[in-house]
Undergrad: 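Take this structure, written in structure tokens, and hold onto it; I'll ask about it next.
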Amino acid sequence: MVKPLTCFGHMRFRAINSPAWIPMEIVNNVTEFIFLGLSQDPGTQLIFFALFLLFYTVIMVGNLLILLTVFFDPRLHTPMYFFLSNLSFVDIAYSSATAPKMIADFISEKKTISYWGCVTQMFTFHFFGCAEIFVLTVMAFDRYAAICQPLRYTTIMSANVCSVLALVSWLGALGHSFVQTLLTFQLPFCNAQVIDHYFCDVHPVLKLACADTTLVNILVIANSGLISLGCFLILLASYTVILFSLRKRSAESRRKALSTCGSHLTVVTFFFVPCIFIYLRPSTTFPLDKAVSVFYTTITPMLNPLIYTLRNEDVKNAMKRLWSRKISKEKQKG
């Protein structure tokens, strides 16, 4: 527990139940943090720069393409594609919370971020990351309603219900991120500045706090870890029910449903398994953590548009229609 006191324009903290070597009053004089990044080797950093710049470009172009396709094609104005467009928007914002800074750091001599920049990055990262968890869970519910309750689908997933589910997802993510960031940065930081990571995440930042973080670690597990695990179990349960219900369907119906659900399950696995590995454990860090984090910060947002376009006939046909319409307009102008 930390009690803030203001003195001479600085924030002072009285750390209660802190280790014996920490003074009773310490000044939070850290104004910036230094990232160690994914690698310290200059050659490797240049390779990572080119690779992650390509990844980020694919994320932006792919997800923007899905957003525009869903927006401009009336045939895709359905609950499934409403939530898919939400997912694409989340992926753009989520990856943008970490990727631009990480890419710039690959060609920077000093990889620094200001104290408030770190606070902002952690807040936005967890906000959009948690929103992705909730949106993926709602998408699984949508697939369950479409496959298992086809006659009641339009009633269950009405426009009002879809709006409420999306709003609850965003508000839930906001609450999660606010709590997560507040728990982390209410702690005092003395002089430690080096973060062994490529962005400001909870566990690497908590290692720098000069106070007892036991309670905060438990709350982080309850906040991040249990949300990831709980939603993942809900997703697995919904897909289990869907698979059982498909046994009575025709071969064509099974093929189409399995194609859609298979795409969703692929995304879910790549996203949730690394999240559970990182957040559902005490505040210990492993060398593997940074590589695992790449999966849910970069790989999954990049795979989403590829999976949902290459394996989805409706989206591919909508893109073809939009492209044909664009070509026709250009010919008319010419």
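Just so we're clear, the structure is a prediction, and the values are computed from it rather than from any experiment.
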Undergrad: Do Leu233 and Phe141 land in one hydrophobic cluster if side-chain heavy atoms of ILVMFWY residues count as linked below 4.5 Å?
TA: yes

Undergrad: Do the non-hydrogen side-chain atoms of Ser114 and Thr31 ever get within less than 4.5 Å of each other?
TA: no

Undergrad: I want to check something: taking the side chain as every heavy atom from C-beta on, are Val194 and Leu36 in contact at a cut-off of under 4.5 Å?
TA: yes

Undergrad: Between Val273 and Phe277, is any pair of side-chain heavy atoms under 4.5 Å apart?
TA: no

Undergrad: Are the aromatic rings of Phe134 and Trp170 close, with centres under 6.0 Å apart?
TA: no

Undergrad: Are Phe271 and Leu288 linked, directly or through intermediate hydrophobic residues, by side-chain heavy-atom contacts shorter than 4.5 Å (ILVMFWY only)?
TA: yes

Undergrad: Hydrophobic cluster membership, with links at side-chain heavy-atom distances under 4.5 Å among I/L/V/M/F/W/Y: are Ile147 and Val161 in one?
TA: yes

Undergrad: Let me see the working for Phe82 and His77 under side chain to side chain contact (heavy atoms under 4.5 Å, CB included), right down to the final yes or no.
TA: CA-CA 7 Å; Phe82 168 74; His77 292 177; over 6 Å; no

Undergrad: Should Ser177 and Thr181 count as side-chain neighbours, where that means a heavy-atom distance under 4.5 Å?
TA: yes

Undergrad: Any salt bridge between Asp196 and Lys290, counting N to O under 4.0 Å?
TA: yes

Undergrad: Could you tell me whether the side chain of Pro301 reaches within less than 4.5 Å of the side chain of Phe55, counting heavy atoms only?
TA: no

Undergrad: Any side-chain heavy-atom pair from Ile242 and Tyr239 closer than 4.5 angstrom?
TA: yes

Undergrad: Does some side-chain heavy atom of Gln149 sit less than 4.5 Å from a side-chain heavy atom of Tyr153?
TA: no

Undergrad: With a cut-off of under 6.0 Å to the ring centre and 45° to the axis, is Arg281 in cation-pi contact with Tyr279?
TA: no

Undergrad: Please name the residue in the list Asn217, Asn223, Ile218, Val216 that meets the side-chain contact (heavy atoms from CB on, under 4.5 Å) test with Val220.
TA: Val216

Undergrad: Looking only at heavy atoms, which two atoms of His197 and Ser293 are closest? And how far apart?
TA: NE2-OG, 3.5 Å

Undergrad: Would His176 and Phe178 count as a close aromatic pair, with their ring centres under 6.0 Å?
TA: no

Undergrad: Mind running side chain to side chain contact (heavy atoms under 4.5 Å, CB included) on Leu174 and Phe127 for me, showing each step along the way?
TA: CA-CA 6 Å; Leu174 182 64; Phe127 174 51; 3.8 Å; yes

Undergrad: Give a yes or no answer on whether the side chain of Asn63 reaches the backbone of Ile59 with a donor-acceptor pair at less than 3.5 Å.
TA: yes

Undergrad: So with a 6.0 Å cut-off around CZ of Phe295, is the heavy-atom count from everything else above 12?
TA: no

Undergrad: Under 3.5 Å, side-chain donor or acceptor atoms of residues 91-108 against the rest of the protein: list the pairs with distances, not counting sequence neighbours.
TA:
unit_1 : atom_1 : unit_2 : atom_2 : d
Asp91  : OD1    : Asn304 : ND2    : 3.4
Asp91  : OD2    : Asn304 : ND2    : 2.4
Tyr94  : OH     : Tyr296 : O      : 3.0
Ser95  : OG     : Asp91  : O      : 2.8
Ser95  : OG     : Ile92  : O      : 3.3
Ser96  : OG     : Tyr56  : OH     : 2.7
Ser96  : OG     : Ile92  : O      : 2.6
Lys101 : NZ     : Asp105 : OD1    : 3.2
Lys101 : NZ     : Thr112 : O      : 2.4
Ser108 : OG     : Ala104 : O      : 2.7

Undergrad: Taking all atoms of both residues into account, what is the closest heavy-atom pair of Ala131 and Ala173, and its distance?
TA: N-CB, 3.4 Å

Undergrad: Could you check if a side-chain atom of Thr298 sits within less than 4.5 angstrom of a side-chain atom of Phe52, using non-hydrogen atoms only?
TA: yes

Undergrad: Just checking Arg75: does its CZ atom have more than 12 heavy atoms from other residues, nucleotides or ligands closer to it than 6.0 angstrom?
TA: no

